[in-house]
Amino acid sequence: MSELSTPLDRLSSPPVAQPKRVWFSSFIGASIEFYDFSIYATASALVFAPLFFSPAQASIGVVLSFATLAAGYFARPLGAAVFGHFGDRIGRKTTLISTVLLMGVATVLIGVLPTYDQVGALAPVLLVILRIVQGFSVGGEWGGAVVMTTEHSSTERRSFMGSATAMGSAFGVLLGFLAFAVVVPLSGDGFMTWGWRLPFLATVVLFGLAIYMRLRITESPVMVEAHHNRSSATALPIKTLFAGYGKPVLLAAGVFTGPFMIHSCMGTFFISYGVTDLGLDRQFLLNASVLGMLAALISIPIGGLLADRFGRRRVLAVGVILATANLFLLWPLFLSGQPAGIIVAYVLVFTFHSLCLAPIGALYSELFPTEVRYTGVSMCYQIASLVGGGLGPLAASLLVANGLGIGAVVAMLATFCVLAGLCVMRLPRTDHIDLRRVA
């Protein structure tokens with residue numbers, strides 16, 4: 001058996017760090033996972049309401065569609081706990097292969113699902129089940145990839161290296177937007193019948209690439225060293241985490257909830273609102289999203305470098321402040337219906353979100369010891385994703401459906417961003433921590 005697949009207790013010494021290979025592996029893995037998650041979010045805004053909830057009124061159908069989106073986010077913390085358990089006890093590498101495989105199978109199956117007109121109420125049931133599987137998989141992917149990357153990197157470049165997953169998630173979301181931006185005009189009148197399925201079916205090629213990359217990396221040197229230096233692994237990482245690190249988990253989750261909510265609403269709710277309530281062109285909104293994600297891909301590595309230079313908390317605080325202030329510019333820009341204004345809105349939102357996202361990987365990894373790090377990082381991120389990404393678009397659609405308007409949505413986003421700022425102030429400085437000796 002090669003070192004790449006040898007269990008931890010059979011490795012005589014820690015494997016050599018592979019920062020570049022692991023960075024690329026984490027980037028590709030996150031890209032595939034978030035591509036799959038992104039195309040579901042976009043389909044929720046564009047096609048799922050009429051295809052899977054056809055008897056419902058238009059506004060109720062949109063709410064139900066976003067409810068299935070939220071269902072996947074509810075499964076994320078469970079995935080974080082389960083995959084975190086195996087990642088902390090057995091190893092990072094094997095667990096990360098499992099997350100990619102599970103996500104790929106679920107996404108391809110969504111691409112072949114029958115609609116409500118074909119099988120009735122069974123259609124939304126199957127959709128929700130596969131969505132939950134997607135969420136369960138992502139629950140273990142992001143945190144594991146972040147931990148793997150940061151544990152292979154040096155202290156001086158940990159934030160930049162940890163941003164590999166952030167860049168991968170941004171690239172995956174970009175691929176998702178591009179997929180629909182291409183498929184919508186390509187399929188024409190057939191978009192609502194077969195065109196929307198193509199981005200889901202394309203996953204079969206993408207997740208094969210991710211698995212190949214995961215097989216070529218070594219286990220985390222920090223994980224192997226910790227395994228050799230202790231008598232036994234933590235029996236229940238999730239129990240140990242909340243017994244000893246409950247406060248850091250909640251603070252770290254709160255730091256990212258507001259920025260996550262803005263980002264998620266821009267990619268789902270605002271697209272749906274723009275098409276149905278403002279009469280904007282669906283293709284144009286997808287193209288604006290693509291431009292926003294291109295801005296994010298540029299901003300994330302810059303944010304990572306700044307976090308290594310000036311500290312995680314400073315860059316994160318600046319990102320939260322800018323994201324909050326920008327909400328009051330986003331409101332008139334989007335409601336104006338002017339193409340230039342909407343493009344500016346998407347670029348600014350995704351740029352400021354990147355400054356919040358870039359330091360998160362390193363910061364989360366530095367908060368927890370090796371034996372619960374996979375679980376801890378995953379739980380922090382997935383709690384934020386549940387509240388911000390899952391409940392955010394659902395709450396926004398409910399506010400509008402009840403006649404409160406877009407102003408109420410902006411107020412909700414601003415409230416969670418203020419909460420994020422308060423959490424940043426309470427977190428400790430972690431910039432120079434040795435991941436092998438986190439106390």
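Keep in mind that this is a model prediction, so the values were computed, not measured. For this chain, numbers begin at 1 and follow the sequence in order.
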When rounded to the nearest 0.5 angstrom, what distance separates [atom1] in [X] from [atom2] in [Y]?
X      : Y      : atom1 : atom2 : answer
Leu109 : Leu127 : CG    : CG    : 12.0 Å
Leu348 : Ile343 : CG    : CD1   : 12.0 Å
Phe24  : Ile217 : CZ    : CD1   : 12.0 Å
Leu413 : Leu330 : CG    : CG    : 8.0 Å
Met223 : Glu219 : CE    : CD    : 6.0 Å
Arg312 : Leu367 : CZ    : CG    : 10.5 Å

- Message: Whether the Glu151 and Ser365 side chains hold a donor-acceptor pair (N or O, under 3.5 Å, no angle test) is what I'd like checked.
- Response: no

- Distance only, no hydrogens: is a donor on one side chain within 3.5 Å (strictly under) of an acceptor on the other, for Ser26 and Thr149? yes

- Can Met103 and Val100 be said to form a side chain to side chain contact (heavy atoms under 4.5 Å, CB included), step by step? CA-CA 5 Å; Met103 171 62 93; Val100 171; 5.9 Å; no

Indicate yes or no: at least one non-hydrogen side-chain atom of [X] is less than 4.5 angstrom from one of [Y].
X      : Y      : answer
Val108 : Phe200 : no
Met293 : Leu175 : no
Ile342 : Phe284 : yes
Trp196 : Leu51  : yes
Glu371 : Pro237 : no
Phe191 : Val47  : yes
Leu391 : Phe74  : yes
Leu294 : Ile298 : no

- Task: Report yes or no: is the cationic atom of Arg131 (NZ for Lys, CZ for Arg) closer than 6.0 Å to the six-membered ring centre of Tyr40, at no more than 45° off its axis?
- Result: yes

Measure across [X] and [Y] and return the closest heavy-atom pair with its distance rounded to 0.1 Å.
X      : Y      : result
Arg214 : Ala145 : NH2-CB, 4.2 Å
Val255 : Leu427 : CG2-CD1, 3.4 Å
Gly176 : Tyr35  : N-CD1, 3.4 Å
Thr150 : Gly162 : CG2-CA, 3.9 Å
Ala296 : Ala170 : CB-CB, 4.4 Å
Gln134 : Ala106 : CG-CB, 4.1 Å

- When Asp88, Leu96, Leu102 are each screened for side-chain contact (heavy atoms from CB on, under 4.5 Å) with Phe83, the one that passes is Leu102

Using modelled atom types and a 3.5 Å cut-off, is there a donor and acceptor pairing between side-chain atoms of [X] and backbone atoms of [Y]?
X      : Y      : value
Ser163 : Phe160 : yes
Ser299 : Ala295 : yes
Tyr374 : Gly91  : no
Ser98  : Thr94  : yes
Ser137 : Thr99  : yes
Asn326 : Leu322 : no
Gln382 : Met379 : no
Tyr116 : Pro124 : no
Arg76  : Gly139 : no
Ser378 : Ala80  : no

- Message: For residues 158-167, which residue pairs pass the salt bridge (charged side-chain N to carboxylate O under 4.0 Å, His left out) check, not counting sequence neighbours?
- Response: Arg158-Glu366

- Apply side chain to side chain contact (heavy atoms under 4.5 Å, CB included) to the pair Tyr381 and Val377, showing each step before the final yes or no. CA-CA 6 Å; Tyr381 186 80; Val377 173; 5.6 Å; no

- Task: Anything under 30° is parallel, anything over 60° is perpendicular, the rest tilted; go ahead and classify Phe27 against Trp23.
- Result: parallel

- Taking it one step at a time, do Met261 and Met412 satisfy side chain to side chain contact (heavy atoms under 4.5 Å, CB included)? CA-CA 9 Å; Met261 188 176 290; Met412 175 186 72; 3.9 Å; yes

- Message: Does Arg21 form a side chain to side chain contact (heavy atoms under 4.5 Å, CB included) with Thr218? I'd like the steps, not just the answer.
- Response: CA-CA 9 Å; Arg21 182 176 292 184; Thr218 59; over 6 Å; no

Residues 353-361, side-chain donor-acceptor partners within the protein, below 3.5 Å, at least two apart:
from: Ser354; atom 1: OG; to: Phe350; atom 2: O; distance (Å): 2.7

